[in-house]
Number of protein chains: 2
Amino acid sequence: MSATNRQIRLAARPVGDVEPKDWEHVSVPVEAPGPGRFAGRTRVISLDPAMRGWLDDRPSYLPPVGLGEVMRAGSVIEVTASNHPDFRPGDHVAGTFGVQEHVVSDGKGALKIDTSLAPPSTYLGALGMPGMTAYFGLLDVGALKEGETVVVSGAAGAVGTVVGQIAKVKGCRVVGIAGGPEKCRLLTDELGFDAAIDYRAGDVKRALREQTPDGIDVYFDNVGGDILDAALTRLAMHARVVVCGAISQYNNATPVNGPSNYLSLLVRRARMEGFVVFDYAKRYAQAGQEIAGWIGQGRLKVKEHVVKGTVDDFPETLRMLFRGENVGKLVLELA
Amino acid sequence: MSATNRQIRLAARPVGDVEPKDWEHVSVPVEAPGPGRFAGRTRVISLDPAMRGWLDDRPSYLPPVGLGEVMRAGSVIEVTASNHPDFRPGDHVAGTFGVQEHVVSDGKGALKIDTSLAPPSTYLGALGMPGMTAYFGLLDVGALKEGETVVVSGAAGAVGTVVGQIAKVKGCRVVGIAGGPEKCRLLTDELGFDAAIDYRAGDVKRALREQTPDGIDVYFDNVGGDILDAALTRLAMHARVVVCGAISQYNNATPVNGPSNYLSLLVRRARMEGFVVFDYAKRYAQAGQEIAGWIGQGRLKVKEHVVKGTVDDFPETLRMLFRGENVGKLVLELA
């Protein structure tokens, strides 16, 4: 173990794309855990589209990451020393520990995980925030019913892969929208989606018309922009549009491109609703058990995109996310 | 009674603003009512923002008005001759009878009204579609609760004046958005709104910040465009945006300006929902009774803008609506 803790801190607020100059790479001494605290070494770090929003200085569901602060990130650490009664050396713990090699925590918001059930990375994906987001977004906000037609954008991503597979478990017709033939093949050939639309290949509106003959009952949106607009033209009566994210818009230096076709909400007596997964914290355990069950039965396949490296690789790995280069949950695994 | 029936028919599909050339003024012989039918003379014709949508050839909640067809409009007629058991000469009847002087009907969708309770025009306004729209939009779609903050745009219009006054009956703080000082004075001085914002006078976003210190719980949108976008910046947690219309966008020859700030639905765990009042037809009678009660108690003031003329004045009167020249419900009363 090195005597220094390498950290990635926010150096400047990005305008548009996040650039290398927006980050500061620093080394600080490793801290020893005080009374009631434990120390750990970071094993795997989560990379999430929501991170882009945390970098902007504007009110949101979480305060922005401060300039000079360690970048906020979910991660799994391995406990190395502990003065905390609930955590022992060797334990694996998930929490919002930030982009750094070494962590000291009082245990608030930390969750001991069972690595015999699933590897640490899965607790950042299908059994972590993305899985919870898919589960509550689809079933609670989307109020999904058996036999309905579900369309999900960003379908090959951490949330999208789980959304589509839960919808299949629930007996729905599922159409995924993703970028490129490789991702589309994954959706239909490996994850059991009924159809996949490559938004880079042509007219999404026309493809949706072909693939959703009865219209869309639940549209789970991770991307915003033109794809959201195309989906709005295909809403079935009383459809639900779940606003989960808008990755196509996060790096805009210009105002967000609002959905021009929002008046179809009126014609179709439909609703568009946003949510933040943290509001469901009390039900995470129950949802996690249900998802773990589906994984165990082979009905939900975990897709992860693991980049191996050091915390210094975080900035470049984050860019992969906004270029759509990952398939499934993107994580950075530290050597 | 003249021997001819003057009608206004759709001659061409308007692009952008509706122009005189889009209408055809024709005279046809007055029809006699056949078996099971009645004839009537039009007394008052409704002018509604929704009419603009009916002129476009695209799928919506009603089929478009066909080229060469009599313009669709709600009206109140007085029965002049009848072979129908439920309607007698002298009866006043509301229905979708179109822009014409004389009507023959089989009674389908026709509703006998009591002109001793309210004048015919009110059955096209507070006791007609606009009143029903306000009632079900606010209470059902908006799920309004006592003590909440309500903002309504197009506040001095047929729907807006009723929305704001129902919200006051329900013990809410009510802010209306309207164009010009005269309309704003009407809202606060006569109709009991807590505040009015003149969107022509300056920064709506700033004014909303001042007038909704606790945010907006229900935003009832009649206008779309920049005002919808401003309201989205002020949503309270779990807010409801009721999409009733978008009069600012109806005459656009370009695509609708979508709400750039729709991602506040996510941050605020809010929803935006559309509706069509016809879906509530089975509950019209109950809602009408409740509204009539509030009118009787002086808690809901009926605002009507009556233009007196002939059916030939319909095209110019409709333009008043899109120029925002009416205060309250706009009707054309035939001499």
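Given the structure is predicted, the values throughout are model-derived calculations rather than measurements. Computed from heavy atoms alone, side chains included, the values below leave out hydrogens, waters and symmetry copies. The chains referred to below are lettered A, B, ... by the order of the sequence lines, with proteins before strands, and numbering in each begins at 1.
- Minimum heavy-atom separation, A:Pro130 to A:Gly125: CD-O, 3.5 Å.
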Counting distance alone, with no hydrogens or angles, which donor-acceptor pairs between chain A and chain B are under 3.5 Å?
residue	atom	partner	partner atom	Å
A:Val256	O	B:Ser260	OG	2.7
A:Ser260	OG	B:Val256	O	2.7
A:Arg269	NE	B:Asp279	OD1	3.4
A:Arg269	NE	B:Asp279	OD2	2.6
A:Arg269	NH2	B:Asp279	OD1	2.9
A:Ala270	O	B:Gly274	N	3.0
A:Met272	N	B:Met272	O	2.8
A:Met272	O	B:Met272	N	2.8
A:Gly274	N	B:Ala270	O	3.0
A:Asp279	OD1	B:Arg269	NE	3.4
A:Asp279	OD1	B:Arg269	NH2	2.9
A:Asp279	OD2	B:Arg269	NE	2.6

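- Between B:Met132 and B:Leu127, the shortest heavy-atom contact is CE-O, 4.0 Å.
- Nearest heavy-atom pair, B:Leu321 versus B:Pro49, reported as atom, atom and distance to 0.1 Å: CD2-N, 3.4 Å.
- Heavy atoms closer than 4.5 Å to chain A are found in the side chain of B:Leu228, but not in its backbone.
- Note that CE of B:Met320 is 9.0 Å distant from CG of B:Leu47, once rounded to the nearest 0.5 Å.
- Chain B forms the most heavy-atom pairs under 4.5 Å with one residue out of A:Cys244, A:Pro259, A:Gly224, and that residue is A:Pro259.
- A side chain to side chain contact (heavy atoms under 4.5 Å, CB included) with B:Ile227 is found for one member of B:Ile197, B:Leu208, B:Leu232, B:Ile177 and no other, namely B:Ile177.
- A pairwise comparison of heavy atoms in B:Pro14 and B:Leu10 identifies CD-CD1, 4.5 Å as the closest pair.
- Nearest approach of B:Ala167 to B:Val150, heavy atoms of both residues: CB-CG2, 4.0 Å.
- The residue among A:Ala270, A:Ala246, A:Gly245, A:Gly53 with the most heavy atom pairs within less than 4.5 Å of chain B is A:Ala270.
- With respect to chain A, the highest number of heavy-atom pairs below 4.5 Å among B:Val242, B:Val267, B:Val243, B:Leu266 belongs to B:Leu266.
- Between A:Phe220 and A:Val241, the closest side-chain pair of non-hydrogen atoms is not below 4.5 Å.
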